Number of protein chains: 2
Amino acid sequence: MSDSRQGTEKAAAPQRKDVRRNKQILLDAAAAVFVTSGVEAPVRDIAARAGVGIGTIYRHFPTRADLIVAVFRHQVETCVEAGPALLASCPTAYDALERWIDLFVDFLVTKHGLAAALQHDNAGFETLHAHFIDHLVPVCTQLLDAATAAGEIRSGIGGLQLMRGVGNLCVGAENDPSYDPRALVTLLVAGLRQPHRSGSESGAADGEP
Amino acid sequence: MSDSRQGTEKAAAPQRKDVRRNKQILLDAAAAVFVTSGVEAPVRDIAARAGVGIGTIYRHFPTRADLIVAVFRHQVETCVEAGPALLASCPTAYDALERWIDLFVDFLVTKHGLAAALQHDNAGFETLHAHFIDHLVPVCTQLLDAATAAGEIRSGIGGLQLMRGVGNLCVGAENDPSYDPRALVTLLVAGLRQPHRSGSESGAADGEP
DNA sequence: GGCGAAACGGAACCCGGTTCCATAAGTCGT
DNA sequence: ACGACTTATGGAACCGGGTTCCGTTTCGCC
């Protein structure tokens with residue numbers, strides 16, 4: 001099953017070079033089609049764009065989700081690496097978290113339909129889901145933990161939970177300019193904040209008359 | 001546009017009584033199937049359950065979304081009516097908003113796949129979308145406005161925006177017990193709170209106490 | 001150059017929404 | 001009560017879109 005599951009990114013060399021070539025052609029074609037038609041583009045379109053048969057796609061990527069994962073693997077990596085970097089470079093852990101989430105939102109909203117694809121439990125999309133979860137959640141958790149440890153946010157929400165929330169909020173952003181996922185994500189993250197000691201500079205809000 | 005705009009629920013009297021009867025049978029069957037198989041259940045299943053042909057469904061409900069709307073119309077109404085009631089009975093507008101949102105979340109999470117269906121812009125689901133938007137958004141906006149006027153929340157987010165956010169957060173709740181949309185929605189709504197001017201919230205002061 | 005293995009292409013299949021139309025059933029005038 | 005007309009019904013057929021299958025082609029190695 002997992003010919004692509006090598007520990008390093010270097011998969012074992014495929015014996016035939018047309019295989020390697022085709023795989024690359026496919027990845028390029030898929031990336032191109034994803035940009036123009038979104039992640040939900042028909043497999044046939046990608047095959048056509050790549051100039052290969054449908055069977056070839058399925059040989060390389062057992063399901064569309066695998067193809068999506070492959071195409072975006074690099075960017076997921078980037079996002080993963082950004083976590084610790086932000087933690088090191090930001091004044092507060094909360095800051096780092098905020099910016100990392102922003103990065104993630106950027107990633108999602110710039111790929112048409114990616115967020116939507118992520119929540120399709122149906123189909124064979126568990127691969128996609130799993131890949132994102134596996135790689136991104138630990139980073140998110142780390143940031144969350146750091147902010148919690150610093151007393152900057154309320155605890156009680158896990159990295160997975162937060163990621164899913166953010167991912168969900170990003171669904172449908174591209175088809176509707178009036179929908180601004182970033183604003184909502186900002187709200188969500190703001191909700192995480194723990195007013196240090198709820199000292200209640202409260203002003204107007206929380207006091208019940 | 002106008003078909004949904006009837007003052008009363010009474011549509012013009014259907015001439016033939018089998019029509020009325022079948023429509024009701026269909027609604028019942030659909031409701032039953034939705035409960036067991038979720039909102040995304042195949043139209044054929046609903047037809048089978050109702051003991052009618054597929055054509056009959058489409059005669060009554062041009063698209064699946066219309067059927068969904070019809071089935072849930074009553075509960076949407078209930079939600080709509082709850083808005084002003086909460087506003088009247090809650091100590092603060094923010095409280096009312098919080099509880100209304102909670103009601104809405106309840107509604108969404110108890111209907112398998114409804115939230116997901118709501119965001120499918122594809123297909124003929126704009127009817128569904130539109131119905132929810134038309135009826136629920138004004139209520140939400142009202143609550144939001146009241147809370148804003150009372151200086152209890154930051155302004156800058158619209159009713160539509162908030163509803164979409166909440167709806168999105170509720171997607172996928174039913175297939176995954178580890179996902180708790182309510183917690184995230186709570187966070188989101190908490191983020192709405194405006195701590196007058198603590199932290200980096202610079203300037204503006206549109207709160208005017 | 002020839003041979004076996006691996007890859008390829010794309011027709012075929014499955015599934016689900018939607019359309020269409022011949023047929024059945026209801027309604028109404030007489 | 002009956003026939004003509006109107007409207008509703010059932011379900012086969014159609015349209016994508018994902019996925020599978022297999023005869024054919026190509027590759028790599030002797």
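Just so it is clear: chains get the letters A, B, ... in the order the sequence lines come, proteins before strands, and each one is counted from 1. Fair warning: this is a prediction, and the values are worked out from it, not measured in the lab. Below, all heavy atoms of this structure are taken into account, side chains as well, without hydrogens, waters or symmetry copies.
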What does the B/S/- profile of nucleotides 21-30 of chain D look like, 5' to 3', with a 4.0 Å heavy-atom cutoff to protein? -----BSS--
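Proximity of A:Arg182 to A:Asp106: side-chain heavy atoms (C-beta onward) are separated by under 4.5 Å at one or more points.
Rounded to an integer number of Å, the gap from CD1 of B:Ile57 to C1' of C:dT19 is 14 Å. Atoms CZ (A:Arg20) and C1' (C:dC8) sit 19 Å apart, rounded to a whole Å. At whole-Å resolution of the value, CD1 in B:Ile54 and P in D:dC14 are 15 Å apart. In this structure, CD1 of B:Ile46 is placed 15 Å from P of D:dG10, rounded to the nearest angstrom. Residue B:Phe61 contributes atom CZ, which lies 16 Å from atom P of C:dG17 at whole-angstrom precision. Protein atom CG of B:Asn22 is 8 Å distant from nucleotide atom C1' of D:dT9, rounded to whole Å. One atom, CD of A:Glu40, and another, P of D:dG16, lie 18 Å apart when rounded to the nearest Å.
Across A:Ala70 and A:Leu27, no two heavy atoms sit closer than the pair CB-CD2, 3.6 Å. B:Gly159 approaches B:Cys140 most closely through the heavy-atom pair O-SG, 3.8 Å. The two residues B:Gln161 and A:Ser178 come nearest to each other via the heavy atoms OE1-O, 3.4 Å.
Checking D:dA8, C:dG9, C:dA7 against every side-chain atom of A:Val19, the shortest atom distance belongs to C:dA7.
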Salt bridge (charged side-chain N to carboxylate O under 4.0 Å, His left out) for A:Arg49 and A:Asp28? Distances and angles first, verdict last. CA-CA 9 Å; A:Arg49 170 69 170 247; A:Asp28 292 347; over 6 Å; no
side-chain contact (heavy atoms from CB on, under 4.5 Å) evaluation trace for B:Thr78 with B:Phe107: CA-CA 10 Å; B:Thr78 302; B:Phe107 174 46; over 6 Å; no
Please lay out, stage by stage, how A:Tyr179 and B:Leu160 fare under the test side-chain contact (heavy atoms from CB on, under 4.5 Å). CA-CA 9 Å; A:Tyr179 180 65; B:Leu160 174 54; over 6 Å; no
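Across all strands, B:Arg44 comes closer than 4.0 Å to base atoms (heavy-atom distances).
Proximity of B:Thr63 to the phosphate of C:dT18: a side-chain N or O atom is located under 4.0 Å from OP1 or OP2. A sub-4.0 Å separation between OP1 or OP2 of D:dG10 and a side-chain N or O of B:Thr56 is present. Between A:His60 and C:dC8, a side-chain N or O to OP1/OP2 separation shorter than 4.0 Å is present.
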